Q: 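Please read through the structure below; I'll follow up with questions.
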Protein chains: 2
Amino acid sequence: MSEPHRLSGTVVWLLGRAAQRAHVLARDRLTAAGIGKWHYAVLATLTEHGQQSQADIGRRLGLDRSDVVAVLNDLQGDGYVTREPDPADRRRNIVTISDVGRTALAGFDLLVAEADGLLMDELSADDRACLKALLERIAHV
Amino acid sequence: MSEPHRLSGTVVWLLGRAAQRAHVLARDRLTAAGIGKWHYAVLATLTEHGQQSQADIGRRLGLDRSDVVAVLNDLQGDGYVTREPDPADRRRNIVTISDVGRTALAGFDLLVAEADGLLMDELSADDRACLKALLERIAHV
DNA sequence: CGCCAACGTTGGCGACACCAACAATAGCGT
DNA sequence: ACGCTATTGTTGGTGTCGCCAACGTTGGCG
């Protein structure tokens, strides 16, 4: 029998608090670097899965098509990505990460890794691996 | 050496995804019951820590004073809580949960527990306890 | 008594997620 | 070949949510 009315005992609540802390930790560093979290996510998926269309990016990240447009506008303005129409399917835009974007992403990775470290300040290496493994099993969208 | 550009490898990202899933899981059920997540949180803290002022509630939950007002307006309208001026400090309002609110909270607890269960669908009891323990250590606001 | 701090309340602002519509294009069945 | 439907990129709008500013009221303190 679960003790009644223990708010801090529910995982949904703990997840929310932890995620909020993680979010500000990462966002502070990324905004200081001039980008948002979605900009980072798009750059990361572009290196993970190679060039792809805007709709693919949105589907993979769970981001709306219209929001993908805004993010790519910024990334293109910074020279991080290039947009060229797909000759095989002229509806699509092939989005490719540039060399500038790749080196920039390397720096962003350090910032996110730093946020990860600060978030799990008081956790051992084993605990961190365990937490990551557990999260991967429940993060399935 | 961390493999480069692995978005899914960062804990901040995994936490965000997991928290989003947990959020919709809990919110769907709570909104179906006619309340929001903050309403549930306020009711829970009122039973956990007894009657308290609005400012105390806000500080404990990390919620802005102005938002506490709106939540309490709803809860008071539903008869879940009562607001009476503190005779000892006439700036404060003593917020007390009513019997109706207590029974309602019992029902909400079931909904949140259900969300917890669905969230950790494929996790054993040991895994759930481990995850909860780890989250408690990094959820520190 | 005078100054500062805290409380509850109102209003607003910016970020963000989501949805609707549209033109252009592709695919597909007949 | 043609019509119908689906997809893509894009624009614009809308609702929600967290956060902040201001104000009147009240308490505490020098």
Side-chain angles (χ1 to χ4, degrees), chain A residues 13 16-17 19-28 30-32 34-42 46 51-77 81-96 141, chain B residues 13 16-17 19-28 30-32 34-42 46 51-77 81-96 141:
Chain A
W13 186 258
R17 305 290 278 195
Q20 185 189 2
R21 194 161 90 95
H23 173 257
V24 291
L25 236 36
R27 199 204 43 162
D28 284 353
L30 288 180
T31 56
I35 62 168
K37 67 168 178 175
W38 289 119
H39 300 72
Y40 171 74
V42 168
L46 281 178
Q51 61 183 22
Q52 47 195 310
S53 77
Q54 306 185 188
D56 289 334
I57 296 176
R59 269 187 295 264
R60 220 182 291 268
L61 294 177
L63 187 61
D64 196 84
R65 300 194 301 269
S66 55
D67 302 320
V68 176
V69 174
V71 171
L72 288 182
N73 286 342
D74 298 339
L75 293 178
Q76 196 174 20
V81 301
T82 62
R83 262 195 283 206
E84 39 186 352
D86 188 344
D89 186 343
R90 308 218 318 276
R91 294 174 299 181
R92 305 190 173 186
N93 276 345
I94 299 185
V95 183
T96 313
V141 275
Chain B
W13 188 257
R17 305 289 276 196
Q20 185 189 1
R21 194 161 90 94
H23 174 257
V24 292
L25 237 35
R27 199 205 41 164
D28 284 353
L30 288 180
T31 55
I35 63 169
K37 66 168 179 174
W38 289 119
H39 300 72
Y40 171 75
V42 168
L46 282 178
Q51 61 183 22
Q52 48 194 308
S53 77
Q54 306 186 189
D56 288 334
I57 296 176
R59 269 187 296 264
R60 222 182 290 267
L61 295 178
L63 187 61
D64 196 83
R65 300 193 301 264
S66 56
D67 301 319
V68 176
V69 175
V71 172
L72 288 182
N73 286 342
D74 297 340
L75 293 178
Q76 197 175 19
V81 301
T82 62
R83 263 195 281 208
E84 37 186 352
D86 188 343
D89 186 343
R90 308 219 316 278
R91 293 173 300 178
R92 304 190 174 186
N93 277 345
I94 298 187
V95 183
T96 312
V141 275

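Just so we're on the same page: letters track the sequence lines, and every chain starts at 1. Since the model is a prediction, treat every value here as computed from it, not as a measurement.
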Q: Mind checking the CZ-CG spacing from B:R91 to B:D86? Nearest 0.5 Å is all I need.
A: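 With rounding to 0.5 Å, CZ (B:R91) is 10.0 Å from CG (B:D86).
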
Q: Only pairs with both distances under 3.5 Å count, Watson-Crick or wobble alike; so what is the partner of C:dC16 in this structure?
A: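 Paired with D:dG15.
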
Q: Quick one: pull up CG in A:L72 and CG in A:L46 and give me the separation to the nearest 0.5 Å.
A: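 Reported value, rounded in 0.5 Å steps: 7.5 Å.
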
Q: For A:H23 and for A:A88, locate the closest nucleotide of DNA chain C by heavy-atom distance; then report the residue assigned to the nucleotide nearer the 5' terminus.
A: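 The residue whose closest nucleotide sits nearer the 5' end is A:H23.
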
Q: B:D28 CG to D:dT16 P: how many Å, rounded?
A: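 It is 15 Å, rounded to the nearest whole Å.
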
Q: Listed by chain and number, what are the side chain to side chain donor-acceptor pair (under 3.5 Å) partners of B:R27, not counting sequence neighbours?
A: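 Side chain to side chain donor-acceptor pair (under 3.5 Å) check on B:R27 returns nothing, list empty.
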
Q: Under 4.0 Å, counting only non-hydrogen atoms across every strand here, what does A:R27 touch: a base, just sugar-phosphate, or nothing?
A: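 Answer is nothing: A:R27 stays at 4.0 Å or more from every strand.
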
Q: CG/A:L61 to CH2/B:W13 distance, rounded to the nearest 0.5 angstrom?
A: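 So the CG of A:L61 and the CH2 of B:W13 are separated by 5.5 Å.
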
Q: Within the pair A:Q54 and D:dT10, is there a side-chain N or O less than 4.0 Å away from OP1 or OP2?
A: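 Indeed, a polar side-chain atom of A:Q54 lies that close.
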
Q: Check the distance between D:dT16's C1' and B:Q20's CD and give it to me in whole angstrom.
A: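 Roughly 15 Å, once rounded to whole Å.
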
Q: Excluding sequence neighbours, so at least two apart, what forms side chain to side chain donor-acceptor pair (under 3.5 Å) with B:D74?
A: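 For B:D74, the residues satisfying side chain to side chain donor-acceptor pair (under 3.5 Å) (neighbours in sequence not counted) are B:H39.
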
Q: Provide the full list of salt bridge (charged side-chain N to carboxylate O under 4.0 Å, His left out) pairs with a residue in residues 57-67 of chain A, sequence neighbours left out, each pair given once.
A: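 Qualifying pairs, neighbours excluded: A:D56-A:R59.
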
Q: Would you kindly give the CD1-to-P distance between A:I57 and D:dG9, to the nearest whole Å?
A: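 So the CD1-P distance, A:I57 to D:dG9, works out to 8 Å.
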
Q: Excluding sequence neighbours, so at least two apart, what forms side chain to side chain donor-acceptor pair (under 3.5 Å) with A:Q76?
A: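 In terms of side chain to side chain donor-acceptor pair (under 3.5 Å), with neighbours along the sequence ignored, A:Q76 is linked to A:R83.
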
Q: By side chain to side chain donor-acceptor pair (under 3.5 Å), which residues pair with A:T96, not counting sequence neighbours?
A: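 A:T96 satisfies side chain to side chain donor-acceptor pair (under 3.5 Å) with A:Q51 only.
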
Q: For a quick test of reading the model: is some side-chain N or O of B:K37 closer than 4.0 Å to OP1 or OP2 of D:dT16?
A: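 For D:dT16, neither OP1 nor OP2 has a side-chain N or O of B:K37 closer than 4.0 Å.
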
Q: Roughly how far, to the nearest 0.5 Å, is CG of A:L63 from CD of A:Q54?
A: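 Taking CD in A:Q54 and CG in A:L63, the distance rounds to 11.0 Å.
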
Q: A:D56 CG to D:dT7 C1': how many Å, rounded?
A: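 Nearest whole value for this atom pair: 11 Å.
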
Q: So if I take residues 62-74 of chain A and measure heavy-atom distances to DNA chain D, which residues fall below 4.0 Å?
A: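 Nucleic-acid contacts, sorted: A:R65, A:S66, A:V69.
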
Q: Base, sugar-phosphate, or nothing: which does A:R83 touch, judged by heavy atoms less than 4.0 Å apart?
A: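 Result for A:R83 = sugar-phosphate.
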
Q: Considering only heavy atoms of chain B and a distance under 4.0 Å, specify the first and last nucleotide of DNA chain C in 5' to 3' order that meet this criterion.
A: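 Range of nucleotides touched by chain B: C:dA5 to C:dG11.
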
Q: Whole angstroms only, please: what is the NE2-C1' distance between B:H39 and D:dT16?
A: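 Going from NE2 in B:H39 over to C1' in D:dT16 covers 13 Å.
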
Q: How many Å lie between CD1 on A:I94 and P on D:dT7, as a whole number?
A: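 So the CD1-P distance, A:I94 to D:dT7, works out to 20 Å.
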
Q: Taking only the side-chain nitrogens and oxygens of A:R92, find out if one of them lies under 4.0 Å from OP1 or OP2 of D:dT10.
A: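 Indeed not, no polar side-chain atom of A:R92 lies that close.
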
